[in-house]
Amino acid sequence: MRLGFGAVAASLFVASPLAVGCGLDTDGDEWDGWTVTVYYTAVESYHFGPLETVRGCSDLECADADVEIGSLPKDFIEVVRDEGTGRITSGGNAGQYLNWSYDVGFWLDTEPRDTGGEALRPFESAAAYDIEPGTRLRLTGCRSAGRESDSACDRFSAATWTIGDDFTPGLGGPRHLDLYIGEETSESFTEGPYFVTFTDATLEPVD
């Protein structure tokens, strides 16, 4: 999901609140025709399978990218690669976060983070292609692609979302917004009411 983390330590975003890259028609007070999905922090205790050794950075500074972080369930590691972050619940690193980006790989951290180095905040942090970090949006129209209910649409529409993440190259694309919903709460988390996809959604920029 996330684009990269290589310049995190030095990143200072100075962004216009409505700055959007080329290729997107964002004239007017609302932006139509968006696909809205979600991402989350995996929790190790809800994942199983054979253990695999994870190597990466031992901290955010990443002086050495080939440190042995530990052995973790294969399923958990795969979800961290997909979602970008996971909380470790076993061993000496219990309580820390295993984060991942395509350009750095894995690293240990005290927080789940976006590509700007900021902590991810549930129902606040968001990712999008070609929208400047710091842009703030509201979801003003939700059309279901499946089991989503009006209550789920109401919950997402009540939040103000701030762009801080981007997509891994080859994923995402124009008119795709990814919303961070926090940590897993059960083994069936992805079957829950907030694991949603909204199609043809409408967004409203916030000054």
Side-chain angles (χ1 to χ4, degrees), residues 1-41 60 82-85 97 99-102 109-145 148-169 171-184 192-207:
M1 172 276 304
R2 59 192 65 219
L3 177 63
F5 205 75
V8 161
S11 291
L12 292 174
F13 293 118
V14 181
S16 164
L18 301 182
V20 181
C22 61
L24 294 179
D25 179 9
T26 55
D27 292 334
D29 295 331
E30 291 187 326
W31 306 346
D32 298 322
W34 286 69
T35 296
V36 177
T37 54
V38 299
Y39 63 114
Y40 63 95
T41 294
L60 184 60
D82 288 340
E83 303 300 324
T85 182
Y97 290 85
N99 292 330
W100 182 89
S101 71
Y102 87 96
D109 206 329
T110 57
E111 305 253 24
R113 294 191 190 272
D114 64 24
T115 57
E118 299 297 324
L120 292 169
R121 302 300 182 198
F123 287 87
E124 179 179 337
S125 301
Y129 172 80
D130 216 16
I131 298 182
E132 290 290 341
T135 300
R136 300 170 69 233
L137 303 167
R138 287 197 184 99
L139 182 63
T140 58
C142 311
R143 292 188 181 181
S144 171
E148 293 77 5
S149 64
D150 288 342
S151 62
C153 182
D154 290 345
R155 178 70 176 90
F156 283 88
S157 298
T160 297
W161 303 90
T162 302
I163 303 299
D165 261 343
D166 204 333
F167 292 99
T168 298
L171 302 178
R175 296 184 181 274
H176 183 178
L177 183 68
D178 212 17
L179 306 178
Y180 179 67
I181 57 173
E183 289 194 357
E184 276 184 301
Y194 296 141
F195 196 82
V196 298
T197 297
F198 296 119
T199 60
D200 198 23
T202 304
L203 307 179
E204 179 182 77
V206 178
D207 292 333

Test: R113 cationic atom under 6.0 Å from Y97 six-membered ring centre, within 45° of axis: no

Distance, nearest 0.5 Å, that separates CD of E204 from CH2 of W31: 10.5 Å

From CD1 (I131) to CD1 (I163), nearest 0.5 Å: 5.0 Å

I181 CD1 to F195 CZ distance, which is reported to the nearest 0.5 Å: 7.0 Å

Over all atoms of both residues, closest heavy-atom pair of P112 and T85: CB-OG1, 3.2 Å

S157: partners by side chain to side chain contact (heavy atoms under 4.5 Å, CB included), with sequence neighbours left out: L139, C142, C153

Distance in Å, T162 OG1 paired with E118 CD, rounded so as to fall on 0.5 Å steps: 10.5 Å

Approximate separation, where rounding is to 0.5 Å, of R136 CZ and L203 CG: 14.0 Å

Parallel, tilted or perpendicular: ring planes of Y194 versus F123, cut at 30 and 60 degrees: perpendicular

Within-4.5 Å side-chain heavy-atom neighbours: Y180 and T41: yes

Side chain to side chain contact (heavy atoms under 4.5 Å, CB included) involving R121 - partner list, sequence neighbours excluded: E111, A119, E124, S125

Test of ring centre spacing under 6.0 Å for F156 and F198: yes

Value rounded to 0.5 Å, distance of CG in D178 from OG1 in T197: 9.0 Å

From CA spacing to verdict: side chain to side chain contact (heavy atoms under 4.5 Å, CB included), V206, W161: CA-CA 9 Å; V206 178; W161 303 90; over 6 Å; no

A201 versus V36, closest heavy-atom pair with distance: CB-CG2, 3.7 Å

Closest non-hydrogen atom pair between P205 and L137, with its separation: CA-CD2, 3.9 Å

Residue pair P193 / A152: nearest heavy atoms and the distance that separates them: O-CB, 3.5 Å

For T202, all residues meeting side chain to side chain donor-acceptor pair (under 3.5 Å), sequence neighbours excluded: D32

